[in-house]
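Atoms within each ligand, like the ligands themselves, are counted from 1 in listed order.
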Amino acid sequence: MPKSILILKGSPREKGNSSALADRLAEGARAAGAAVESVNLQDLNIAPCNACDLCGEQGQGCVIDDDMQDLYPKIAAAEALVLASPIYWFTYSAQLKLCIDRWYGYQGNRWGELRGKPFAILLTYGDTDLYTSGGINAIHTFETMCRFLKSEIVGIVHGTAMGIGDIEKQPDLLDQAYRLGQKLASV
Ligand SMILES: Cc1cc2nc3c(=O)[nH]c(=O)nc-3n(C[C@H](O)[C@H](O)[C@H](O)COP(=O)(O)O)c2cc1C
């Protein structure tokens, strides 16, 4: 069975910079024999976690009836997960954050569906560096999350790209994403 990798794309721009990095990662992973699925979170109807806590009380998972119900089994089936996001207001996009907040629904007896999976993250921002852009905040959140989930961080690719297509001027970043895909396929 090929290794299965799920990419969660957090940009509303289907052909944007973080999406281009994600597609290059997918190419690298497929070339190394993995099966890759990408999901555009923008296309899904995902409500914010409402802290009802029924997931924890009843151990049945999240009870909110929206598109997360199709995504939970995909996440459970994936052997590695990739987050791809633009930096919005100095951290992840809201599209990605909404999805991650709903992972609260694993509490109770379902952490095994998420915990321990290898993770990677791809981030693009308009500002000139990791600090002024706020990319550092997203990376700090990501590292803290992976520590909590007991998940290995396989790689982090980040860089500056503002307009759609700007990422194409950064072949090194695209190469990094490709190589990260190859690495993910082998961990
Ligand atoms: C609502 C919004 C907020 C943004 N906030 C930031 C920011 O805080 N820091 C930054 O460096 N760039 C910021 N940007 C620029 C994007 O991060 C940048 O254009 C990125 O490459 C977009 O990725 P995408 O093409 O995958 O959507 C923002 C853009 C938008 C639309």
Side-chain angles (χ1 to χ4, degrees), residues 4-31 34-49 66-68 70-71 74-75 78 80-103 117-146 151 153-185:
S4 60
I5 299 173
L6 179 65
I7 303 178
L8 301 175
K9 293 182 174 182
S11 175
R13 305 202 291 196
E14 209 176 321
K15 302 215 179 308
N17 298 309
S18 56
S19 182
L21 281 183
D23 292 346
R24 194 58 67 94
L25 181 148
E27 277 176 40
R30 288 193 184 108
V36 185
E37 183 177 2
S38 294
V39 172
N40 278 325
L41 297 173
Q42 168 76 16
D43 298 340
L44 304 186
N45 172 31
I46 300 180
C49 172
D66 65 6
D67 290 341
M68 275 306 289
D70 295 328
L71 201 47
K74 286 183 199 282
I75 291 171
L81 290 160
V82 179
L83 309 179
S85 181
I87 295 299
Y88 278 3
W89 284 94
F90 314 105
T91 188
Y92 299 143
S93 69
Q95 287 86 342
L96 180 60
K97 185 64 165 60
L98 274 179
C99 174
I100 292 174
D101 279 3
R102 293 284 297 284
W103 297 354
K117 290 183 199 277
F119 265 88
I121 193 165
L122 309 169
L123 298 166
T124 58
Y125 39 80
D127 214 327
T128 50
D129 69 64
L130 184 60
Y131 289 84
T132 52
S133 65
I136 189 68
N137 302 323
I139 289 178
H140 186 234
T141 301
F142 177 69
E143 289 174 340
T144 310
M145 180 193 87
C146 288
S151 284
I153 297 176
V154 182
I156 297 172
V157 175
H158 64 85
T160 299
M162 188 67 188
I164 289 179
D166 281 355
I167 200 77
E168 302 299 333
K169 300 171 200 153
Q170 306 245 37
D172 178 53
L173 281 183
L174 291 164
D175 281 354
Q176 283 182 45
Y178 185 91
R179 280 185 269 114
L180 180 51
Q182 290 178 311
K183 191 174 172 191
L184 270 169

*Asks:* Hey, is ligand 1 close enough to Gly134 that some N/O pair sits below 3.5 Å?
*Replies:*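 No, Gly134 has no N/O under 3.5 Å of an N/O on ligand 1.
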*Asks:* Checking side-chain hydrogen bond (donor to acceptor under 3.5 Å, both in side chains) between Gln42 and each of Gln95, Glu14, Lys9, which is the one that passes?
*Replies:* Gln95
*Asks:* How far is atom 31 (C) of ligand 1 from the closest protein heavy atom, and which atom is that?
*Replies:*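 The answer is Tyr88 CE1, 3.6 Å.
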*Asks:* What's the shortest distance from atom 26 (O) of ligand 1 to any protein heavy atom, and which residue and atom give it?
*Replies:* Ser18 OG, 2.6 Å
*Asks:* Going by the atom numbers of ligand 1, which of them fall below 4.0 Å from some non-hydrogen atom of Asp127?
*Replies:* 10 (C), 11 (O)
*Asks:* Please answer whether the main-chain N or O of Ala161 pairs with a side-chain N or O of Thr124 as donor and acceptor at a distance below 3.5 Å.
*Replies:*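 Side chain of Thr124 to backbone of Ala161, a donor-acceptor pair under 3.5 Å: no, none is there.
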*Asks:* Has Ile87 got any heavy atom lying under 4.0 angstrom from an atom of ligand 1?
*Replies:*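 Distance cut 4.0 Å: Ile87 passes for ligand 1.
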*Asks:* Using distance alone, decide if ligand 1 has a nitrogen or oxygen within less than 3.5 Å of any nitrogen or oxygen in Gly126.
*Replies:* yes
*Asks:* Classify the ring geometry of Phe142 against Phe119: parallel below 30°, tilted from 30° to 60°, perpendicular beyond 60°.
*Replies:*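 If you compare the ring of Phe142 with that of Phe119, the planes turn out perpendicular.
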*Asks:* Determine, for Asp175 against Arg179, whether the closest basic-nitrogen to carboxylate-oxygen distance falls under 4.0 angstrom.
*Replies:*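 Looking at Asp175 and Arg179, the cut-off is not met.
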*Asks:* Would Met162 count as being in polar contact with ligand 1, using the rule that some N or O on each side must be under 3.5 angstrom apart?
*Replies:*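 Yes; the residue has a nitrogen or oxygen that sits under 3.5 Å from a nitrogen or oxygen of the ligand.
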*Asks:* Any nitrogen or oxygen of Pro12, main chain or side chain, under 3.5 Å from a nitrogen or oxygen of ligand 1?
*Replies:*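 Between Pro12 and ligand 1, no N or O pair is found under 3.5 Å apart.
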